[in-house]
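Note sheet for the following structure.
Everything numeric in this text was worked out from a predicted model, so none of it was measured.
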Amino acid sequence: MDLQLQGKSALVTGSTAGIGFAIAEALARESARVIVNGRTARRVDEALAKLKSSGLAAEGLAADLGTAAGVDEAIRRHPDVDILVNNLGIFEAKPFEQIPDADWLRFFEVNVLSGVRLSRHYLPRMKERNWGRIVFISSESAVQIPAEMIHYGMTKTAQLAISLGLAETTAGTGDTVNSVLPGPTASEGVDGFVDQMAAQRKTDRATIEKEFFQHVRPSSLLKRFATPDEVAAMVAFVCSPVSSATNGAALRVDGGVVRSIV
C-alpha cells in the first residue's frame, strides 16, 4: 500500500533506537522527511548512519525533549512539521512505596509533558494547513497498570486522555490525533533487561522470555515480545493520509495482552 507520505515532514521523538527508530525508518521508507531525535549527538549520528546504510535519508535533532529547554530548541530548529510522533519515554520497575516524589515528577515530565509541549506548538499550525498527524506512543500498561511500575502506567494513561482530548479539538478538520498502545516489545530497554536477567540467572534469553509470558503477561496471545517493526507498521499507517477516518482512537499493538472487545 502506498501510504502517500512523500514530502511529509515527521518528527519522531526518542527515535535513536527501539520502537522510535523503527517508526523513523518506516516513515523514511515511505519517503517522508524524517527528523530523528535523541539526547546526544552521538546517538543521533549513529541512528542516521544506520538509516543511511539502508539507503534512507533523515535529519538529526540532538535535544532532550523531556525538558522545556529541549522542546524550545526543537521548535526553533523545526518550527513546522506535518507529523509528530510522541514516542519519547522512560520506564523502570520499582515498588510503589519506594517511588519518591522526584521520580513521579520526572516520569510525568518526560513521558507526558514532552508530548504536551510539542503538541501545543505543532497542532495549531497543522490546523492552519488543515492537515496533520499527532500520535502518542502509549502502552498496554495504560489500561493494565503494572504493579511493579505504577508511576509508568500513570503516564501512559495520561497520554490516552491527552490524545483523546486533542482529537476532540480537530473535529471537522483534516487533522487527527491518535494513540498507539504497544504490548511487550523487544525494544532496547527491554532487550537489556532480559539479557541482564538471563545473565543473573545463568540461563538464556529464550527461557526468560518464555517465563515472562507464562507468569508476568500470561494473557498474551502472541506469547513473545513483538518486534519494533511490528509496532512501527501500525504507526506509519496512522501517520498517513490513508488513515483519515481514524481519529481519537487508542490502537492496540499489544499481542492480545489486553483482553477486551474495545
Side-chain angles (χ1 to χ4, degrees), residues 11-21 23 37-40 42-44 61-74 84-121 134-166 179-201 208 212 215-217 225-226 228 231 250 254 257-258:
L11 169 58
V12 185
T13 69
S15 50
T16 57
I19 292 173
F21 179 82
I23 294 169
N37 163 249
R39 288 184 298 173
T40 68
R42 179 183 64 82
R43 293 277 288 178
V44 170
L61 172 64
D64 184 356
L65 301 185
T67 67
V71 169
D72 288 345
E73 173 66 10
L84 169 64
V85 181
N86 290 309
N87 172 74
L88 177 64
I90 56 175
F91 74 96
E92 68 175 349
K94 184 179 287 188
F96 172 76
E97 60 274 13
Q98 295 178 20
I99 306 172
D101 287 359
D103 282 5
W104 285 95
L105 293 170
R106 179 170 62 93
F107 269 67
F108 192 81
E109 182 159 41
V110 174
N111 292 5
V112 180
L113 282 183
S114 60
V116 167
R117 288 166 173 153
L118 290 165
S119 300
R120 187 167 56 209
H121 173 80
I134 294 179
V135 183
F136 286 82
I137 306 303
S138 181
S139 167
E140 54 92 7
S141 294
V143 293
Q144 295 190 152
I145 308 297
E148 69 275 13
M149 45 184 179
I150 296 172
H151 52 336
Y152 171 76
M154 174 274 296
T155 64
K156 297 288 109 177
T157 306
Q159 287 180 316
L160 299 186
I162 294 162
S163 175
L164 180 56
L166 291 181
S179 55
V180 171
L181 286 67
T185 304
S187 62
E188 185 179 50
V190 169
D191 279 345
F193 177 76
V194 171
D195 290 342
Q196 182 182 27
M197 288 293 296
Q200 289 175 351
R201 295 180 48 189
I208 297 298
F212 178 86
H215 305 296
V216 182
R217 292 293 186 273
F225 291 112
V231 177
D254 65 347
V257 168
V258 178

Separation between [atom1] of [X] and [atom2] of [Y], rounded to the nearest 0.5 Å:
X    : Y    : atom1 : atom2 : value
L88  : L118 : CG    : CG    : 9.0 Å
R43  : R39  : CZ    : CZ    : 8.5 Å
R120 : L113 : CZ    : CG    : 8.0 Å

Close side-chain approach of [X] to [Y], heavy-atom, < 4.5 Å:
X    : Y    : result
I145 : M154 : no
I19  : P182 : yes
L166 : F136 : yes
F91  : V110 : no
D254 : Q144 : no
R217 : P146 : yes
E92  : D103 : yes
I137 : I23  : yes

For residues [X] and [Y], report the shortest heavy-atom separation together with the two atoms involved.
X    : Y    : value
S119 : N86  : OG-ND2, 3.4 Å
G20  : N87  : CA-ND2, 3.3 Å
Q159 : K156 : OE1-NZ, 2.9 Å
L61  : N37  : O-ND2, 3.0 Å
A142 : T157 : O-OG1, 2.7 Å
G38  : T16  : CA-CG2, 3.7 Å

Q. Can you name the residues that form a side chain to side chain contact (heavy atoms under 4.5 Å, CB included) with D195, not counting sequence neighbours?
A.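 Listed in chain order: R205.
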Q: List the steps, then state whether side chain to side chain contact (heavy atoms under 4.5 Å, CB included) holds for R117 with E109.
A: CA-CA 10 Å; R117 288 166 173 153; E109 182 159 41; 3.0 Å; yes
Q: Might you work through the side chain to side chain contact (heavy atoms under 4.5 Å, CB included) test for I150 and W104, ending with a clear yes or no?
A: CA-CA 10 Å; I150 296 172; W104 285 95; 4.0 Å; yes
Q) Under the 3.5 angstrom rule, does the side chain of S179 hit a backbone N or O of L160 as a donor-acceptor pair? A)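 No, S179 side chain to L160 backbone: no donor-acceptor pair under 3.5 Å.
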Q: Look only at the side chain of S163 and the backbone of A161, and say whether a donor-acceptor pair between them is shorter than 3.5 Å.
A: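 No; zero donor-acceptor contacts below 3.5 Å.
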Q | Derivation and outcome, side chain to side chain contact (heavy atoms under 4.5 Å, CB included), residues F225 and V194 | A | CA-CA 11 Å; F225 291 112; V194 171; 3.9 Å; yes
Q.
Using side chain to side chain contact (heavy atoms under 4.5 Å, CB included), reason through V258 and L181 one step at a time and then give a plain yes or no.
A. CA-CA 10 Å; V258 178; L181 286 67; over 6 Å; no
